[in-house]
Visitor: 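My structure is below; once you've seen it, I'll send some questions.
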Amino acid sequence: NSLSDFPPQILSLPLLSTLLLRGNNIDRCPAELAQLPLKKVDLRENRLLAFPEPLLQLKNLEVLLLDGNEIDTIPRAVEELHELQVFTMNDNKLLVLPVELASCAKLRVVSVYENPKITVAPVELVMSPRLEELHCNNALEIPQHILTEGASKIIPYLRKLAKFKLRLNPKAHWVPDSKSRTCSSCHQ
């Protein structure tokens with residue numbers, strides 16, 4: 001595939017629910033895209049430099065795949081995607097995971113492999129009872145405000161992190177005991 005723009009025909013399909021444009025040269029999304037009833041958008045391996053703003057208006061969006069682009073920021077307005085269940089942005093240039101992701105009421109899967117600048121996952125996201133999978137291969141640190149609250153906050157946070165596919169920062173001042181799933185530096 002070598003599309004650099006959205007084919008105009010796509011924008012005239014009023015019942016389109018799935019948009020698969022993986023592996024093209026698309027660098028932006030037209031505003032008209034927000035008018036489609038899309039549930040799944042796959043824009044992996046394109047040339048997006050910024051998060052496509054029209055996607056934030058897709059109220060029925062359940063699956064959003066933006067892997068392999070050059071995006072560095074997830075807008076706070078991502079919290080408006082109330083139907084979003086699967087969100088992947090592997091291999092981008094993300095700086096942080098916004099806390100607003102935790103507001104996506106149905107979000108079950110977040111994958112941000114190969115975004116080396118992400119060092120902390122928002123507590124609200126990690127502790128979300130809906131979140132089943134968090135994929136990140138960076139060394140994550142426990143947020144400072146969790147550390148200052150002591151064992152009563154640290155232990156549940158570590159227990160939840162232990163369920164996800166990620167690697168924790170070995171330089172942190174805590175060492176989770178893998179057998180008891182407790183924080184050995186807290187002795188609890």
Side-chain angles (χ1 to χ4, degrees), residues 1 19-29 33 38 40-58 61-147 154 157-174 176:
N1 297 341
L19 180 64
L20 306 174
L21 289 172
R22 180 179 186 173
N24 283 288
N25 295 312
I26 295 170
D27 60 3
R28 59 186 162 74
C29 294
L33 191 64
L38 294 169
K40 178 178 181 179
V41 173
D42 184 348
L43 289 170
R44 292 178 287 178
E45 301 164 13
N46 274 283
R47 295 187 179 191
L48 297 169
L49 299 176
F51 194 99
E53 295 290 327
L55 299 180
L56 297 170
Q57 298 172 32
L58 297 173
L61 190 62
E62 296 174 2
V63 177
L64 180 55
L65 311 173
L66 294 172
D67 309 12
N69 283 286
E70 302 288 322
I71 302 168
D72 65 0
T73 305
I74 301 169
R76 292 178 182 226
V78 72
E79 68 186 352
E80 298 299 322
L81 298 175
H82 300 293
E83 299 299 317
L84 191 62
Q85 297 175 31
V86 177
F87 180 71
T88 69
M89 287 194 67
N90 301 309
D91 194 24
N92 272 279
K93 296 184 185 248
L94 293 176
L95 304 173
V96 297
L97 279 176
V99 67
E100 289 79 11
L101 270 175
S103 296
C104 296
K106 297 182 179 179
L107 191 61
R108 296 179 300 103
V109 177
V110 174
S111 188
V112 290
Y113 282 124
E114 302 303 327
N115 284 284
K117 298 202 176 180
I118 295 176
T119 59
V120 176
V123 174
E124 296 83 354
L125 180 61
V126 170
M127 298 305 289
S128 169
R130 302 170 308 280
L131 193 65
E132 298 170 10
E133 298 178 34
L134 173 61
H135 303 273
C136 181
N137 61 338
N138 298 344
L140 295 180
E141 299 175 359
I142 295 179
Q144 188 61 40
H145 68 279
I146 292 289
L147 288 173
I154 295 171
Y157 184 81
L158 290 177
R159 284 184 179 146
K160 186 76 186 235
L161 279 179
K163 294 179 182 180
F164 300 134
K165 294 179 181 176
L166 44 81
R167 181 170 50 98
L168 299 174
N169 188 339
K171 296 178 182 179
H173 297 289
W174 51 268

Visitor: On a heavy-atom basis, which atom in I71 and which in N92 lie closest, and how many Å separate them?
Guide: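 Reported closest heavy-atom pair: N-OD1, 3.0 Å.
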Visitor: Keeping the roles fixed (side chain from N69, backbone from R47), state whether a donor-acceptor pair exists under 3.5 Å.
Guide: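 Side chain of N69 to backbone of R47, a donor-acceptor pair under 3.5 Å: yes, one is there.
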Visitor: Got a sec, which residues hit salt bridge (Lys or Arg N to Asp or Glu O under 4.0 Å) with D67, two or more places apart in sequence or on another chain?
Guide: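 Partners of D67 by the salt bridge (Lys or Arg N to Asp or Glu O under 4.0 Å) criterion come out as none, since no residue qualifies.
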Visitor: Just verifying a value: how many Å separate E133 CD and L107 CG, rounded to the nearest 0.5 Å?
Guide: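 Those atoms lie 11.0 Å apart.
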Visitor: Looking at P98 and V96, what are the two nearest heavy atoms and their distance?
Guide: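 Taking every non-hydrogen atom into account, CD-O, 3.7 Å.
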Visitor: Any sub-3.5 Å donor-acceptor pair from D42's side-chain atoms to R22's backbone N or O?
Guide: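 No: the side chain of D42 does not pair with the backbone of R22.
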Visitor: Could you measure the distance from the NZ atom of K117 to the CG atom of L94? Nearest 0.5 Å is fine.
Guide: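 Rounded to the nearest 0.5 Å, the NZ-CG separation comes to 11.0 Å.
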Visitor: Among residues two or more places apart or on two chains, list those pairs meeting side chain to side chain donor-acceptor pair (under 3.5 Å) that have a residue in residues 93-104.
Guide: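 The answer is E70-K93.
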Visitor: Working to the nearest 0.5 angstrom, can you tell me the gap between L65 CG and T88 OG1?
Guide: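 Here the interatomic distance stands at 4.0 Å.
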Visitor: Evaluate whether atom CZ of R130 has more than 12 neighbouring non-hydrogen atoms of other residues, nucleotides or ligands under 6.0 angstrom away.
Guide: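 Yes, CZ of R130 has more than 12 neighbouring heavy atoms, counting only those of other groups under 6.0 Å.
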Visitor: Which value, rounded to the nearest 0.5 Å, describes the distance between E53 atom CD and R28 atom CZ?
Guide: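 It comes to 14.5 Å.
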Visitor: Is there a donor-acceptor contact under 3.5 Å from the side chain of N137 to the main chain of Y113?
Guide: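 No: the side chain of N137 does not pair with the backbone of Y113.
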